[in-house]
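Data block below; observations after.
Note: hydrogens, waters and symmetry copies are ignored here, and every other heavy atom, side chains too, is used. Source: prediction; values computed, not measured. Nothing fancy with the numbering, it's 1 onward along the sequence. Just follow the structure's listing: the first ligand is 1, and inside any ligand the first atom is 1.
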Amino acid sequence: MNSDPEVMRYIGDGSIGPVDRASTVAIVTRARQAWAEQGFGMLSVITRDGGEYAGWVTLAVPRFLPQILPSVEIGWRFRRASWGRGYATEAAAPLLAFAFAEVGLDRVVSIRHPDNDRSGRVMEKLGLHFVEEAVVPGHGTRVVVNAVTREEYAAARG
Ligand SMILES: CC(C)(COP(=O)(O)OP(=O)(O)OC[C@H]1O[C@@H](n2cnc3c(N)ncnc32)[C@H](O)[C@@H]1OP(=O)(O)O)[C@@H](O)C(=O)NCCC(=O)NCCS
């Protein structure tokens with residue numbers, strides 16, 4: 001998944017490109033540590049039929065955007081073969097519920113490249129609305145910040 005340039009197109013400043021195996025192993029190792037340290041982190045998504053790896057959903061601290069800290073971001077990345085089947089939305093919905101009910105967050109954000117309309121649609125479907133545009137200090141890329149508060153989330157579910 002991380003070695004697919006199309007998957008990586010809108011990650012970071014868009015110049016990261018394919019990520020190699022060693023870096024991916026490092027990312028997964030950090031993700032495992034995050035669960036122990038902060039009580040939330042990354043989850044693998046496996047298909048119900050066939051048990052194939054489809055991608056991941058995650059709760060993470062968006063340290064790359066210090067101006068919106070403290071905050072916790074929900075995010076997703078899927079193998080290209082798995083796109084367009086509702087997997088990202090289906091997998092992220094219970095993680096968002098977990099963020100409010102179990103982690104006890106008051107607000108969850110999600111950050112995307114302005115051209116990443118697919119990801120924007122997933123945010124919309126989950127109830128995360130537009131908040132602001134921001135610039136990532138590390139590389140100057142403009143990003144769109146969406147969010148949903150605990151109250152908005154509860155109200156949307158009656
Ligand atoms: C973003 C991503 C996770 C979406 O995964 P997915 O499983 O295809 O998402 P879903 O099927 O749940 O929903 C996608 C929605 O986007 C819509 N969509 C697809 N292509 C689109 C496009 N070019 N513009 C706007 N919407 C689009 C789909 O129709 C669907 O909406 P709908 O249910 O109303 O029809 C996947 O494309 C991905 O892994 N991209 C690369 C990594 C990435 O960019 N991650 C996010 C970083 S912010």
Side-chain angles (χ1 to χ4, degrees), residues 1-21 23-28 30-31 34 40-100 103 105 107-149 152-153 156-157:
M1 179 173 75
N2 282 359
S3 68
D4 181 341
E6 187 62 25
V7 170
M8 300 304 293
R9 183 167 171 191
Y10 296 121
I11 310 301
D13 66 353
S15 72
I16 294 177
V19 173
D20 66 18
R21 187 178 179 90
S23 304
T24 298
V25 168
I27 291 166
V28 172
R30 275 203 303 278
F40 55 82
M42 184 182 281
L43 294 171
S44 290
V45 180
I46 311 293
T47 59
R48 290 184 205 279
D49 51 340
E52 277 185 4
Y53 181 77
W56 53 247
V57 290
T58 189
L59 288 174
V61 177
R63 294 194 176 83
F64 63 93
L65 205 57
Q67 61 266 49
I68 68 159
L69 297 179
S71 60
V72 174
E73 177 187 21
I74 191 164
W76 31 73
R77 187 179 301 169
F78 283 75
R79 291 173 55 217
R80 208 171 353 157
S82 301
W83 292 8
R85 299 181 193 183
Y87 288 169
T89 309
E90 182 181 346
L95 186 60
L96 186 58
F98 173 85
F100 290 121
V103 185
L105 300 175
R107 182 175 182 256
V108 175
V109 305
S110 197
I111 303 154
R112 68 176 172 95
H113 188 283
D115 297 338
N116 196 348
D117 295 332
R118 275 194 188 87
S119 191
R121 181 73 191 121
V122 175
M123 292 175 196
E124 257 177 42
K125 289 195 287 181
L126 291 168
L128 289 101
H129 56 80
F130 174 82
V131 175
E132 61 177 329
E133 289 197 351
V135 173
V136 180
H139 43 71
T141 304
R142 203 163 51 90
V143 289
V144 177
V145 181
N146 280 42
V148 62
T149 64
E152 289 163 348
Y153 181 79
R157 273 144 198 86

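- For ligand 1, the atoms lying closer than 4.0 Å to a non-hydrogen atom of Ile111 are 48 (S).
- Residue-level proximity to ligand 1 for Tyr10 is absent, since no heavy atom of it falls below 4.0 angstrom.
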Could you give the side-chain donor-acceptor pairs of residues 122-134 under 3.5 Å, partners two or more places apart or in another chain?
unit_1	atom_1	unit_2	atom_2	d
Glu124	OE1	Arg121	NH1	2.8
Lys125	NZ	Thr89	OG1	3.2
His129	NE2	Ala147	O	3.3
His129	NE2	Glu152	OE1	2.9
His129	NE2	Glu152	OE2	3.1
Glu133	OE1	Arg142	NH1	2.6
Glu133	OE2	Arg142	NH1	3.0

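- Counting protein heavy atoms only, atom 5 (O) of ligand 1 is closest to Ala88 CB, 3.3 Å.
- No N or O atom of Glu90 sits closer than 3.5 Å to an N or O atom of ligand 1.
- Geometrically, ligand 1 and Trp83 share a nitrogen or oxygen pair separated by less than 3.5 Å.
- For ligand 1, the atoms sitting less than 4.0 Å from at least one non-hydrogen atom of Arg121 are 15 (C), 16 (O), 17 (C), 30 (C), 31 (O), 32 (P), 34 (O), numbered in the order shown with element in parentheses.
- Those atoms of ligand 1 that come under 4.0 Å of a heavy atom in Asn116, given as number and element, are 43 (C), 44 (O), 46 (C), 47 (C), 48 (S).
- Of the polar atoms of Trp76, at least one N or O is found under 3.5 Å from an N or O of ligand 1, judged by distance alone.
- Listed by number with element, the atoms of ligand 1 under 4.0 Å from a non-hydrogen atom of Gly84 are 6 (P), 8 (O), 11 (O).
- Every atom of ligand 1 is numbered from 1 in the order shown, and the set under 4.0 Å from a heavy atom of Asp117 is 24 (N), 25 (C), 26 (N).
- Those atoms of ligand 1 with a heavy atom of Thr89 less than 4.0 angstrom away are 10 (P), 12 (O), 13 (O).
- Every N/O-N/O distance between Met123 and ligand 1 stays at or above 3.5 Å.
- Heavy-atom proximity to atom 11 (O) of ligand 1, evaluated over Ser82, Gly12, Gly86, is greatest for Gly86.
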